[in-house]
2 protein chains.
Amino acid sequence: MPDADGHPNREEINLPAVLHALADPMRYRVVATLVREPDGTERTCSSFGLPVSKSTRTHHFRVLREAGLIRQVDRGNSRMTRLRRADLEARFPGLLDLLASNAPAEPAAS
Amino acid sequence: MPDADGHPNREEINLPAVLHALADPMRYRVVATLVREPDGTERTCSSFGLPVSKSTRTHHFRVLREAGLIRQVDRGNSRMTRLRRADLEARFPGLLDLLASNAPAEPAAS
DNA sequence: ACGCAGGTTCAACAAACATCATACCTGCGA
DNA sequence: TCGCAGGTATGATGTTTGTTGAACCTGCGT
(Lines give C-alpha, C1' and ligand atoms only; values in the text may rest on other atoms or scores of the structure.)
Protein backbone atom coordinates (compact mmCIF):
# COMPACT_ATOMS: atom_id res chain seq x y z
CA MET A 1 0.00 0.00 0.00
CA PRO A 2 1.37 3.40 -0.96
CA ASP A 3 2.30 5.77 1.85
CA ALA A 4 0.56 9.03 2.65
CA ASP A 5 2.41 10.82 -0.11
CA GLY A 6 1.45 8.24 -2.70
CA HIS A 7 4.80 6.51 -2.90
CA PRO A 8 4.32 2.85 -3.80
CA ASN A 9 6.80 0.49 -2.21
CA ARG A 10 9.20 -1.46 -4.34
CA GLU A 11 6.96 -4.45 -4.94
CA GLU A 12 4.07 -2.26 -5.99
CA ILE A 13 5.92 -0.60 -8.84
CA ASN A 14 4.58 -2.08 -12.02
CA LEU A 15 5.89 -1.73 -15.53
CA PRO A 16 2.76 -0.48 -17.29
CA ALA A 17 2.44 2.40 -14.84
CA VAL A 18 6.11 3.22 -15.23
CA LEU A 19 5.85 3.16 -19.00
CA HIS A 20 2.78 5.32 -18.87
CA ALA A 21 4.58 7.82 -16.68
CA LEU A 22 7.55 7.91 -19.02
CA ALA A 23 5.38 8.34 -22.09
CA ASP A 24 5.01 12.06 -21.49
CA PRO A 25 7.86 14.24 -22.82
CA MET A 26 7.98 16.40 -19.70
CA ARG A 27 8.17 13.47 -17.34
CA TYR A 28 10.60 11.67 -19.57
CA ARG A 29 12.85 14.68 -19.41
CA VAL A 30 12.82 14.75 -15.64
CA VAL A 31 13.73 11.10 -15.28
CA ALA A 32 16.26 11.19 -18.09
CA THR A 33 17.91 14.12 -16.37
CA LEU A 34 17.96 12.51 -12.95
CA VAL A 35 19.33 9.25 -14.24
CA ARG A 36 22.45 10.96 -15.51
CA GLU A 37 23.27 12.50 -12.16
CA PRO A 38 25.05 10.85 -9.23
CA ASP A 39 22.97 8.51 -7.13
CA GLY A 40 21.15 10.29 -4.34
CA THR A 41 21.06 13.63 -6.07
CA GLU A 42 18.22 15.77 -4.83
CA ARG A 43 16.63 18.52 -6.85
CA THR A 44 13.68 20.79 -6.43
CA CYS A 45 10.77 20.45 -8.83
CA SER A 46 11.46 23.83 -10.31
CA SER A 47 15.14 23.19 -10.94
CA PHE A 48 14.36 21.22 -14.06
CA GLY A 49 13.23 24.26 -15.96
CA LEU A 50 10.17 22.60 -17.43
CA PRO A 51 8.37 25.00 -19.75
CA VAL A 52 5.05 24.61 -17.96
CA SER A 53 3.18 26.33 -15.18
CA LYS A 54 3.55 25.49 -11.52
CA SER A 55 0.35 23.50 -11.36
CA THR A 56 1.28 21.43 -14.36
CA ARG A 57 4.62 20.72 -12.78
CA THR A 58 2.93 19.53 -9.61
CA HIS A 59 0.74 17.27 -11.72
CA HIS A 60 3.67 15.64 -13.52
CA PHE A 61 5.65 15.09 -10.38
CA ARG A 62 2.67 13.43 -8.81
CA VAL A 63 2.39 11.01 -11.70
CA LEU A 64 6.09 10.21 -11.42
CA ARG A 65 5.79 9.79 -7.68
CA GLU A 66 2.74 7.55 -7.81
CA ALA A 67 4.32 5.43 -10.52
CA GLY A 68 7.27 4.87 -8.22
CA LEU A 69 9.89 6.53 -10.36
CA ILE A 70 10.83 9.26 -7.94
CA ARG A 71 10.69 9.83 -4.21
CA GLN A 72 9.75 13.22 -2.87
CA VAL A 73 10.49 14.39 0.60
CA ASP A 74 9.61 17.64 2.31
CA ARG A 75 12.82 19.39 3.12
CA GLY A 76 11.84 22.49 4.96
CA ASN A 77 10.22 24.69 2.42
CA SER A 78 10.90 22.79 -0.75
CA ARG A 79 10.00 19.28 -1.79
CA MET A 80 13.11 17.50 -2.90
CA THR A 81 12.98 14.95 -5.69
CA ARG A 82 15.20 11.92 -5.90
CA LEU A 83 15.30 9.07 -8.40
CA ARG A 84 14.38 5.70 -6.89
CA ARG A 85 17.42 4.17 -8.46
CA ALA A 86 17.81 1.07 -6.31
CA ASP A 87 14.12 0.22 -6.39
CA LEU A 88 13.91 0.61 -10.15
CA GLU A 89 17.10 -1.31 -10.77
CA ALA A 90 15.85 -4.14 -8.60
CA ARG A 91 12.44 -4.20 -10.17
CA PHE A 92 13.32 -3.57 -13.81
CA PRO A 93 17.01 -4.22 -14.36
CA GLY A 94 18.26 -2.37 -17.37
CA LEU A 95 15.51 0.20 -17.56
CA LEU A 96 17.58 3.03 -16.15
CA ASP A 97 20.53 2.17 -18.37
CA LEU A 98 18.15 2.42 -21.26
CA LEU A 99 17.08 5.89 -20.24
CA ALA A 100 20.64 6.93 -19.49
CA SER A 101 21.90 5.99 -22.92
CA ASN A 102 18.91 7.58 -24.53
CA ALA A 103 18.74 10.80 -22.60
CA PRO A 104 17.56 13.76 -24.61
CA ALA A 105 19.17 17.15 -24.22
CA GLU A 106 18.07 19.14 -21.22
CA PRO A 107 17.27 22.54 -22.70
CA ALA A 108 17.14 24.29 -19.36
CA ALA A 109 20.64 23.18 -18.47
CA SER A 110 22.38 24.03 -21.71
CA MET B 1 11.90 7.89 -43.80
CA PRO B 2 9.24 5.28 -43.02
CA ASP B 3 8.12 3.03 -45.84
CA ALA B 4 4.70 3.05 -47.43
CA ASP B 5 3.22 1.02 -44.61
CA GLY B 6 4.57 3.40 -41.97
CA HIS B 7 7.40 1.20 -40.79
CA PRO B 8 10.28 3.35 -39.53
CA ASN B 9 13.72 1.95 -40.21
CA ARG B 10 15.97 0.97 -37.35
CA GLU B 11 17.58 4.35 -36.86
CA GLU B 12 14.25 6.11 -36.79
CA ILE B 13 12.87 4.15 -33.86
CA ASN B 14 12.94 6.46 -30.88
CA LEU B 15 12.37 5.67 -27.25
CA PRO B 16 9.60 8.17 -26.43
CA ALA B 17 7.47 6.81 -29.27
CA VAL B 18 8.14 3.26 -28.15
CA LEU B 19 7.25 4.08 -24.57
CA HIS B 20 4.10 5.81 -25.70
CA ALA B 21 3.11 2.79 -27.74
CA LEU B 22 3.73 0.47 -24.81
CA ALA B 23 1.80 2.66 -22.39
CA ASP B 24 -1.53 1.29 -23.56
CA PRO B 25 -2.61 -2.00 -21.95
CA MET B 26 -3.80 -3.52 -25.21
CA ARG B 27 -0.63 -2.75 -27.06
CA TYR B 28 1.48 -3.80 -24.13
CA ARG B 29 -0.28 -7.12 -24.19
CA VAL B 30 0.47 -7.67 -27.84
CA VAL B 31 4.16 -6.94 -27.49
CA ALA B 32 4.50 -8.81 -24.22
CA THR B 33 2.90 -11.79 -25.91
CA LEU B 34 5.11 -11.65 -28.98
CA VAL B 35 8.28 -11.26 -26.98
CA ARG B 36 7.72 -14.59 -25.30
CA GLU B 37 7.41 -16.47 -28.55
CA PRO B 38 10.24 -17.76 -30.75
CA ASP B 39 11.95 -15.21 -32.94
CA GLY B 40 10.25 -14.76 -36.28
CA THR B 41 6.86 -15.88 -35.06
CA GLU B 42 4.08 -14.49 -37.19
CA ARG B 43 0.55 -13.97 -35.97
CA THR B 44 -2.56 -12.37 -37.34
CA CYS B 45 -3.95 -9.31 -35.62
CA SER B 46 -7.01 -11.17 -34.49
CA SER B 47 -5.09 -14.07 -32.98
CA PHE B 48 -4.33 -12.07 -29.86
CA GLY B 49 -7.91 -12.10 -28.70
CA LEU B 50 -7.97 -8.46 -27.75
CA PRO B 51 -11.35 -7.54 -26.24
CA VAL B 52 -11.93 -4.66 -28.63
CA SER B 53 -13.61 -4.11 -31.96
CA LYS B 54 -11.91 -4.65 -35.29
CA SER B 55 -11.34 -0.98 -35.95
CA THR B 56 -9.81 -0.44 -32.57
CA ARG B 57 -7.53 -3.37 -33.22
CA THR B 58 -6.40 -1.84 -36.50
CA HIS B 59 -5.72 1.39 -34.67
CA HIS B 60 -3.53 -0.23 -32.03
CA PHE B 61 -1.55 -2.22 -34.56
CA ARG B 62 -0.90 0.91 -36.53
CA VAL B 63 0.51 2.63 -33.47
CA LEU B 64 2.76 -0.34 -32.80
CA ARG B 65 3.84 -0.44 -36.41
CA GLU B 66 4.59 3.27 -36.67
CA ALA B 67 6.51 3.19 -33.42
CA GLY B 68 8.70 0.48 -34.88
CA LEU B 69 7.78 -2.26 -32.46
CA ILE B 70 6.26 -4.64 -34.96
CA ARG B 71 6.51 -5.30 -38.66
CA GLN B 72 3.39 -6.14 -40.61
CA VAL B 73 3.41 -7.81 -43.96
CA ASP B 74 0.54 -8.69 -46.24
CA ARG B 75 0.44 -12.43 -46.53
CA GLY B 76 -2.31 -13.13 -48.97
CA ASN B 77 -5.49 -12.29 -47.19
CA SER B 78 -4.21 -11.61 -43.70
CA ARG B 79 -1.65 -9.15 -42.46
CA MET B 80 0.92 -10.97 -40.42
CA THR B 81 2.53 -9.34 -37.41
CA ARG B 82 6.08 -9.95 -36.34
CA LEU B 83 8.11 -8.44 -33.49
CA ARG B 84 11.08 -6.40 -34.71
CA ARG B 85 13.33 -8.20 -32.30
CA ALA B 86 16.73 -7.49 -33.87
CA ASP B 87 15.98 -3.84 -34.46
CA LEU B 88 14.72 -3.28 -30.97
CA GLU B 89 17.57 -5.17 -29.38
CA ALA B 90 20.06 -3.12 -31.36
CA ARG B 91 18.41 0.15 -30.60
CA PHE B 92 17.39 -0.40 -26.97
CA PRO B 93 19.35 -3.30 -25.54
CA GLY B 94 17.54 -4.80 -22.60
CA LEU B 95 14.12 -3.45 -23.39
CA LEU B 96 12.73 -6.72 -24.68
CA ASP B 97 14.19 -8.66 -21.77
CA LEU B 98 12.38 -6.24 -19.54
CA LEU B 99 9.08 -6.94 -21.25
CA ALA B 100 9.74 -10.66 -21.32
CA SER B 101 10.34 -10.90 -17.61
CA ASN B 102 7.37 -8.72 -16.92
CA ALA B 103 4.86 -10.21 -19.26
CA PRO B 104 1.29 -10.18 -18.01
CA ALA B 105 -0.96 -13.16 -18.44
CA GLU B 106 -2.47 -13.52 -21.85
CA PRO B 107 -6.12 -14.16 -21.11
CA ALA B 108 -6.94 -15.28 -24.62
CA ALA B 109 -4.29 -17.98 -24.56
CA SER B 110 -4.88 -19.41 -21.12
C1' DA C 1 5.88 41.23 10.85
C1' DC C 2 6.37 41.04 6.25
C1' DG C 3 7.36 39.53 1.72
C1' DC C 4 8.47 35.94 -1.18
C1' DA C 5 9.62 31.64 -3.40
C1' DG C 6 8.33 26.75 -3.72
C1' DG C 7 4.25 23.76 -3.88
C1' DT C 8 -0.52 22.34 -3.64
C1' DT C 9 -5.47 22.35 -4.60
C1' DC C 10 -9.33 23.31 -7.38
C1' DA C 11 -12.18 24.13 -11.22
C1' DA C 12 -12.12 24.70 -15.95
C1' DC C 13 -10.65 24.08 -20.68
C1' DA C 14 -8.55 21.97 -24.78
C1' DA C 15 -6.19 18.44 -27.04
C1' DA C 16 -5.15 13.68 -27.40
C1' DC C 17 -6.76 9.27 -27.59
C1' DA C 18 -9.20 4.79 -27.10
C1' DT C 19 -13.37 3.12 -28.60
C1' DC C 20 -17.04 1.94 -31.73
C1' DA C 21 -20.42 1.28 -35.86
C1' DT C 22 -20.67 1.53 -40.54
C1' DA C 23 -19.12 0.97 -44.97
C1' DC C 24 -15.78 -0.84 -47.79
C1' DC C 25 -11.93 -3.68 -49.89
C1' DT C 26 -9.51 -8.23 -50.73
C1' DG C 27 -8.40 -13.08 -51.06
C1' DC C 28 -9.67 -17.62 -50.15
C1' DG C 29 -12.72 -21.54 -50.22
C1' DA C 30 -17.10 -23.74 -51.19
C1' DT D 1 -19.83 -16.80 -58.23
C1' DC D 2 -20.95 -16.22 -53.85
C1' DG D 3 -20.10 -15.79 -49.12
C1' DC D 4 -17.11 -14.90 -45.55
C1' DA D 5 -13.22 -13.80 -42.68
C1' DG D 6 -9.37 -10.53 -42.01
C1' DG D 7 -8.35 -5.70 -42.30
C1' DT D 8 -8.75 -0.83 -43.47
C1' DA D 9 -10.92 3.95 -43.69
C1' DT D 10 -13.96 7.23 -41.93
C1' DG D 11 -16.40 9.83 -38.88
C1' DA D 12 -18.38 10.26 -34.28
C1' DT D 13 -18.25 9.86 -29.28
C1' DG D 14 -16.76 9.78 -24.56
C1' DT D 15 -12.91 9.64 -21.56
C1' DT D 16 -8.44 10.64 -20.29
C1' DT D 17 -5.13 13.82 -19.52
C1' DG D 18 -2.03 17.78 -20.16
C1' DT D 19 -2.63 22.48 -19.43
C1' DT D 20 -3.70 26.75 -17.02
C1' DG D 21 -4.93 30.68 -13.58
C1' DA D 22 -6.36 31.82 -9.15
C1' DA D 23 -6.47 31.08 -4.38
C1' DC D 24 -4.00 29.28 -0.73
C1' DC D 25 -0.45 27.22 2.49
C1' DT D 26 4.35 27.05 4.44
C1' DG D 27 8.96 28.05 5.72
C1' DC D 28 12.77 31.02 5.19
C1' DG D 29 15.12 35.47 5.20
C1' DT D 30 14.98 40.27 5.90
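Just so it is clear, the structure is predicted and the values come from calculations on it, not from any experiment. Reminder, nothing fancy here: chain letters follow the sequence lines and each chain counts from 1.
Between the C1' atom of dG21(D) and the CZ atom of R57(A) lies a distance of 14 Å, rounded to the nearest Å. L50(A) has its CG atom 13 Å from the C1' atom of dG18(D), to the nearest Å. Spacing between atom CD of E66(A) and atom P of dT16(D) amounts to 16 Å, rounded to whole angstrom units. Between the C1' atom of dG7(D) and the CZ atom of F48(B) lies a distance of 14 Å, rounded to the nearest Å. As a whole-Å value, the separation of L22(A) CG from dG18(D) P is 12 Å. One can place CG of D24(A) at 17 Å from P of dA15(C), the figure rounded to the nearest angstrom. In this structure, CZ of F61(B) is placed 15 Å from C1' of dA18(C), rounded to the nearest angstrom. Across the protein-nucleic acid pair, D74(B) atom CG and dC28(C) atom P stand 11 Å apart, rounded to whole Å.
Looking at heavy-atom distances under 4.0 Å, S46(B) makes contact with sugar-phosphate atoms alone, never a base. Within 4.0 Å (heavy atoms only), H60(B) reaches sugar-phosphate atoms of the nucleic acid but no base atom. Note on T58(A): a base of the nucleic acid sits closer than 4.0 angstrom, heavy atoms only.
Sorted by first and then second residue, the salt bridge (Lys or Arg N to Asp or Glu O under 4.0 Å) pairs with a member in residues 55-79 of chain A read E42(A)-R75(A), R71(A)-D87(A), D74(A)-R79(A); sequence neighbours excluded.
R43(B) forms a cation-pi arrangement with F48(B), by the criterion of a distance under 6.0 Å to the ring centre and an angle within 45° of the ring axis.
In this structure, the side chains of L22(B) and L69(B) come closer than 4.5 Å at one or more pairs of heavy atoms.
Between dA9(D) and R62(B), a contact under 4.0 Å exists linking OP1 or OP2 to a side-chain N or O. Distances shorter than 4.0 Å separate none of the side-chain N or O atoms of S55(B) from OP1 or OP2 on dC20(C). OP1 and OP2 of dG7(C) both lie 4.0 Å or more from every side-chain N or O belonging to H59(A). Within the 4.0 Å cut-off from OP1 or OP2 of dT19(D), not a single side-chain nitrogen or oxygen of S53(A) is found.
Residue-to-nucleotide contacts include no donor-acceptor pair under 3.5 Å from the side chain of T44(A) to the base of dG6(C).
To the nearest 0.5 angstrom, M80(A) atom CE is 9.5 Å from C45(A) atom SG. Here the OH atom belonging to Y28(B) is positioned 10.0 Å from the OG1 atom belonging to T33(B), to the nearest 0.5 angstrom.
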Report, one line per pair, each donor and acceptor closer than 3.5 Å where one atom sits in a side chain of residues 91-98 of chain B; sequence neighbours left out.
unit_1	atom_1	unit_2	atom_2	d
R91(B)	NE	R10(B)	O	3.2
R91(B)	NE	I13(B)	O	3.0
R91(B)	NH2	I13(B)	O	3.1

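Here the nucleotide nearest the side chain of T56(B), chosen from dG6(C), dT17(D), dC20(C), is dC20(C).
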Q: Let me have a per-nucleotide readout for nucleotides 23-30 of chain D, 5' to 3', with B, S or -, counting only protein heavy atoms under 4.0 Å.
A: ---BBS--
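Between the side chains of T56(A) and S53(A), at least one donor N or O sits under 3.5 Å from an acceptor N or O.
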